[in-house]
Every structure is written in structure tokens, then in C-alpha cells.
Amino acid sequence: MRLGYNTNGFGSHSLEAAIEVIAGLGYRSIGITVDHHALNPYAPNASQAAQACRARLERHDLLPVIETGARFLLDPWHKHRPNLLDAAQDARGKRIDFLLRCVDLAVQLGSNTLSLWSGAASGSEGQAELDARLIEGLAPVCERAHELGCVLAFEPEPGMHISSMADFDRLCSQFQHPAFRLTLDIGHAYLTEDSVASTIERYAHRIANVHVEGMRRPHHDHL
């Protein structure tokens, strides 16, 4: 295991500068959140940028994980959209295309891990329909990842369709794939689970990526 830092904490730095700082602080891994300014897979020079980035990462002995949580890369008007839950097939297809490009990018960088989440539903569809859409979208991305030696590290996130470990279990009961693993966010588990320690123990065999952040449980006033 390597301790790393995510580039989304360096919103005012170039990717090159963020790599220098993260390595200079002693980290040996880096989560690269693909975004407008960070290895945008739609940029005309995407392949050359990836090659240059890999050389920089190797020079600093930084192992990359590709994070796909850019807020407005695909839609400047709507945060984290489109996603794999959208009613329109072409919208879901846009997210699938992005994730496939990110798998290819991970391989170019020498990474074997891609982190992603479900997104939130925008309509009133039932759980079964949303699960089906999510699984339909995950399948081709898992296939590409498996072919190229990558894993998808799926993150349950509060506020999204798959928000807790119970939701993750439900998803896994319907969808199994050798490339489908888990990103466990310790802060999120603190909010949604009874015990972070027991969650780690229970899912240790599935964990491919870990996020660590401070969280406070919301307080509710009692009248």
C-alpha cells in the first residue's frame, strides 16, 4: 500500500506543479482527478500529455490512481452529469465513453486502478430501473478494464444512488465481474456505517483504493 494525495486538492496548481508538490511532501501515490486542466481525454494532445505525465510520475516514483469525479468536465451546467443513471441512453453513453477513455488513460500512465461512483438520479425512477441502468453502463467499462489489466474501484458515496455499503452489497448481488472492486472512503463510511473498523475488516478482500478524509456527522435538534 502507498499513501497518496489527490490532485483535486490542488485546484489552483497545474498538474505538473501538483505532482512536484505531492512528491516533495513525501507521498508515493497520487490520485489524478481527470479534468479540464488535468489529462482531459478529449483534448487534441491527450496522448502526448499522458506520455509526458507518465515520465514525470516515474521520475518521482509516484503510483497513479485515476479518479473520475470531475464536476463539470462533461456538462458545464450540471455537476457530475451526465451519469450512468440518466434516462436518455445517449447521455449514459457519454459517461460510458468518458470512463472508457479514462481506462485507456490509466493504462497509458501505468496505473491499474480507476475510481468511480454511481452518480445521483435526476428523475423518479425506481431502484430496480436505476440499478439496471448502472449495471448496463458498468459492464463495458469493466470489460475494457479487465482486457487491459485494470480494476474499477467503485465508491459508495452519500447522496448518490449507491450511497452505502448496503447499496454496494445490493449492486454486487446483481453484478459480478473480476475487474469490479471497491473504493472505500473512510469519511463516507463514518457517516453511513455503524463501524468504520468493522467495515474495513468485512470488505478488505474487495478494497482496491482507499480515500481518507475528515467528516462530521450532522447534528439534529430534537424538539
Side-chain angles (χ1 to χ4, degrees), residues 1-43 45-74 79-80 95 98-119 141-142 144-146 148-157 160 179-190 196 200 203-204 206-215:
M1 178 181 291
R2 292 192 180 200
L3 185 64
Y5 201 90
N6 197 315
T7 60
N8 63 12
F10 285 85
S12 298
H13 291 67
S14 67
L15 177 59
E16 294 76 14
I19 290 171
E20 296 294 327
V21 174
I22 290 170
L25 291 172
Y27 290 103
R28 285 298 167 258
S29 181
I30 183 171
I32 299 179
T33 297
V34 176
D35 211 332
H36 291 285
H37 63 289
L39 300 178
N40 184 347
Y42 299 101
N45 66 335
S47 181
Q48 297 93 320
Q51 292 174 14
C53 183
R54 177 167 184 164
R56 189 179 297 270
L57 294 172
E58 290 178 345
R59 190 159 62 246
H60 290 293
D61 189 27
L62 283 174
L63 181 66
V65 171
I66 299 302
E67 300 278 348
T68 59
R71 295 182 176 185
F72 297 102
L73 179 60
L74 300 184
K79 177 183 173 182
H80 290 159
R95 174 62 63 171
F98 170 65
L99 294 174
L100 291 173
R101 289 170 183 257
C102 285
V103 170
D104 294 343
L105 173 62
V107 173
Q108 286 182 282
L109 293 182
S111 172
N112 64 359
T113 307
L114 180 81
S115 183
L116 74 166
W117 34 242
S118 68
V141 186
C142 282
R144 175 75 66 85
H146 189 55
L148 298 179
C150 266
V151 297
L152 298 190
F154 189 92
E155 179 185 0
E157 183 162 339
M160 294 191 175
F180 190 65
R181 301 282 295 281
L182 172 67
T183 287
L184 182 63
D185 188 304
I186 301 300
H188 295 165
Y190 175 72
V196 172
I200 294 171
Y203 293 93
R206 301 214 61 167
I207 295 173
N209 187 37
V210 176
H211 291 169
V212 180
E213 57 187 321
M215 286 285 187

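We number each residue from 1, following the sequence as shown.
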His211 vs Glu157, side chain to side chain donor-acceptor pair (under 3.5 Å): CA-CA, chis, key distance, verdict: CA-CA 11 Å; His211 291 169; Glu157 183 162 339; over 6 Å; no

Dump the intermediate steps for salt bridge (Lys or Arg N to Asp or Glu O under 4.0 Å) on Arg71 and Asp35, then the final yes or no. CA-CA 8 Å; Arg71 295 182 176 185; Asp35 211 332; over 6 Å; no

May I have the step-by-step check of side-chain contact (heavy atoms from CB on, under 4.5 Å) for Cys150 and Leu114, ending in yes or no? CA-CA 7 Å; Cys150 266; Leu114 180 81; 5.8 Å; no

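The 12-atom threshold is not exceeded at OH of Tyr5, counting heavy atoms of other residues, nucleotides or ligands nearer than 6.0 Å. Heavy atoms of other residues, nucleotides or ligands lying less than 6.0 angstrom from NE2 of His146 number 12 at most.
Taking CZ from Arg2 and CG from Leu62, the interatomic distance works out to 8.0 Å, rounded to the nearest 0.5 Å. Going from atom CG of Leu105 over to atom CZ of Arg54 covers 11.0 Å, rounded to the nearest 0.5 Å. In this structure, OG1 in Thr7 is found 8.5 Å from CG in Leu39, a value given to the nearest 0.5 Å. Note that CG of Asn40 and CG of Leu73 are 5.0 Å apart. Values are rounded to the nearest 0.5 Å. Annotation: the span from Ser111 atom OG to Ile32 atom CD1 amounts to 8.0 Å, rounded to 0.5 Å. Atom CD1 in Ile19 sits 4.5 Å away from atom CG in Leu57 (nearest 0.5 Å).
Remark: side-chain polar atoms of Arg101 are paired, donor with acceptor, to backbone N or O of Pro41 under 3.5 angstrom. Judged by distance alone, with hydrogens and angles left aside, the side-chain atoms of Arg181 form a donor-acceptor pair with the main-chain N or O of Arg206 at under 3.5 Å. Counting only distance, with no hydrogens or angles, the side chain of Ser118 and the backbone of Met160 share no donor-acceptor pair below 3.5 Å.
When all heavy atoms of Leu184 and Ala189 are compared, the closest pair comes out as CD1-CB, 4.3 Å. The shortest heavy-atom contact between Ser47 and Gln108 is OG-NE2, 3.5 Å. Ala18 and His13 get closest at one heavy-atom pair: N-CB, 4.2 Å. Here the closest non-hydrogen pair linking Leu148 and Asp104 is CD1-OD1, 3.5 Å. Of all non-hydrogen atoms in Cys142 and Ala179, the two that sit nearest each other are O-CB, 3.7 Å. Between Arg95 and Thr68 the shortest heavy-atom distance is NH1-O, 3.7 Å.
The side-chain hydrogen bond (donor to acceptor under 3.5 Å, both in side chains) contacts involving residues 23-33 comprise Asn6-Thr33, where partners must be two or more places apart or lie in separate chains.
A search for ring-ring contact (aromatic ring centres under 6.0 Å, His included) contacts involving His80 returns Trp117, not counting sequence neighbours.
Two residues are said to be in side-chain contact when any heavy atoms from C-beta on lie closer than 4.5 Å; Pro64 and Leu109 meet this criterion. A 4.5 Å side-chain heavy-atom check between Leu74 and Phe98 finds at least one atom pair inside the cut-off. Side-chain atoms of His188 and Pro156, non-hydrogen and from C-beta on, never get closer than 4.5 Å to each other. Using a 4.5 Å heavy-atom cutoff, the side chains of Leu182 and Phe154 are not in contact. A heavy-atom distance below 4.5 Å is not found between the side chains of Ile30 and Val65.
Remark: of the listed residues Thr183, Asp185, Thr113, Thr183 is the sole one forming a side chain to side chain donor-acceptor pair (under 3.5 Å) with Asn209.
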